[in-house]
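Some notes on the structure that comes next.
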Amino acid sequence: MTYKACLFDLDGVLVDTAIYHFQAWKNLGTKFGYALTEEQNEQLKGVSRVESLNRILAWANYSATEEEKSTWLIEKNENYLDLISNMNPSEILPGVLDFLHQIKQAGYKIALGSASKNAEIILSKTGLIEWFDLIIDGNKVTKSKPDPEVFLKGASGLGFLPTECIVFEDAQAGVEAAKAGNMHAIGIGDAEMLRQADKVIPNFVGIQASELLQF
Ligand code: G6P
Ligand code: MG
């Protein structure tokens, strides 16, 4: 099989924004007296903003009005934008730039497949944006991972079949989305957590793209 494109999730794969999401959700939790734990934050990885709030409210056992919810979604995002305002290239995860160099040189197309509506801001601030041929983010999809929409749009936007694409994902829902879309899935993180992935690597440090992708 000759793969033609690499589709990357953003948070937890290229940069670590989970710490900022965690901080912003924790800050929001003070409005309804709830202290989000780190373990719960793990479960919010790859989950859209609206769905994240719904889960947190369920954990807090708080039934919010629609008005409260929409105000809080705005407040959370304003706080998050504030927290990421100083992001810079030093926050690109180790090994990522080297890996991008290798696949670009090998002729692969590169796309983003992220649930985040702030993906472009993050890619710009870190300088990663220049590597991408196509960006599919939370503004361009209607269904969240594990639905494959975000990756299917990436594949078709680049003009390739799903089977010609490799997805890099750190979240279980993201790996599921890739497999549901009939793509090769490489998990980033813990193999126990990402059982559905075709292969799992802990991170990009020292990864030889030619070995991993067999070109
Ligand atoms: C990523 C993160 C999630 C976040 C989602 C939406 O998938 O892993 O934690 O909730 O993006 O991000 P946004 O920037 O649109 O609030
Ligand atoms: Mg992720």
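As the structure lists them, so they are numbered: ligands from 1, and atoms in each ligand from 1. Along the sequence shown, the residues carry numbers beginning at 1.
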Quick one: sort the Tyr80 and His21 rings into parallel, tilted or perpendicular, breaks at 30° and 60°. parallel
Contacts for ligand 1, heavy atom under 4.0 Å, by chain and number, are Asp11, His21, Leu44, Lys45, Gly46, Val47, Ser48, Arg49, Ser52, Tyr80, Ala115, Ser116, Lys117, Asn118
Minimum side-chain heavy-atom gap Leu7-Phe160 below 4.5 Å: no
Those residues at least two apart in sequence (or on a different chain) that pass ring-ring contact (aromatic ring centres under 6.0 Å, His included) with Phe22 are none
For this session: Evaluate the side-chain proximity of Leu44 to Leu36: yes if any heavy-atom separation is below 4.5 Å, no if none is.
Result: yes
When you group the ILVMFWY residues by side-chain heavy-atom contacts below 4.5 Å and let the links chain together, are Val167 and Leu100 in the same group? no
- [ ] State whether a side-chain donor-acceptor pair under 3.5 Å links Asn27 with Gln23.
- [x] yes
> So does Lys69 pair up with Glu66, basic N to acidic O under 4.0 Å?
Replying inline: yes
Residues 113-145 vs ring pair (Phe, Tyr, Trp, His ring centres under 6.0 Å), sequence neighbours excluded, gives His101-Trp131
field: Presence of salt bridge, Lys145 and Glu169, under 4.0 angstrom
entry: yes
Within a distance under 2.8 Å of the Mg ion (ligand 2), the protein atoms of type N, O or S are Asp9 OD2, Asp11 O, Asp170 OD1
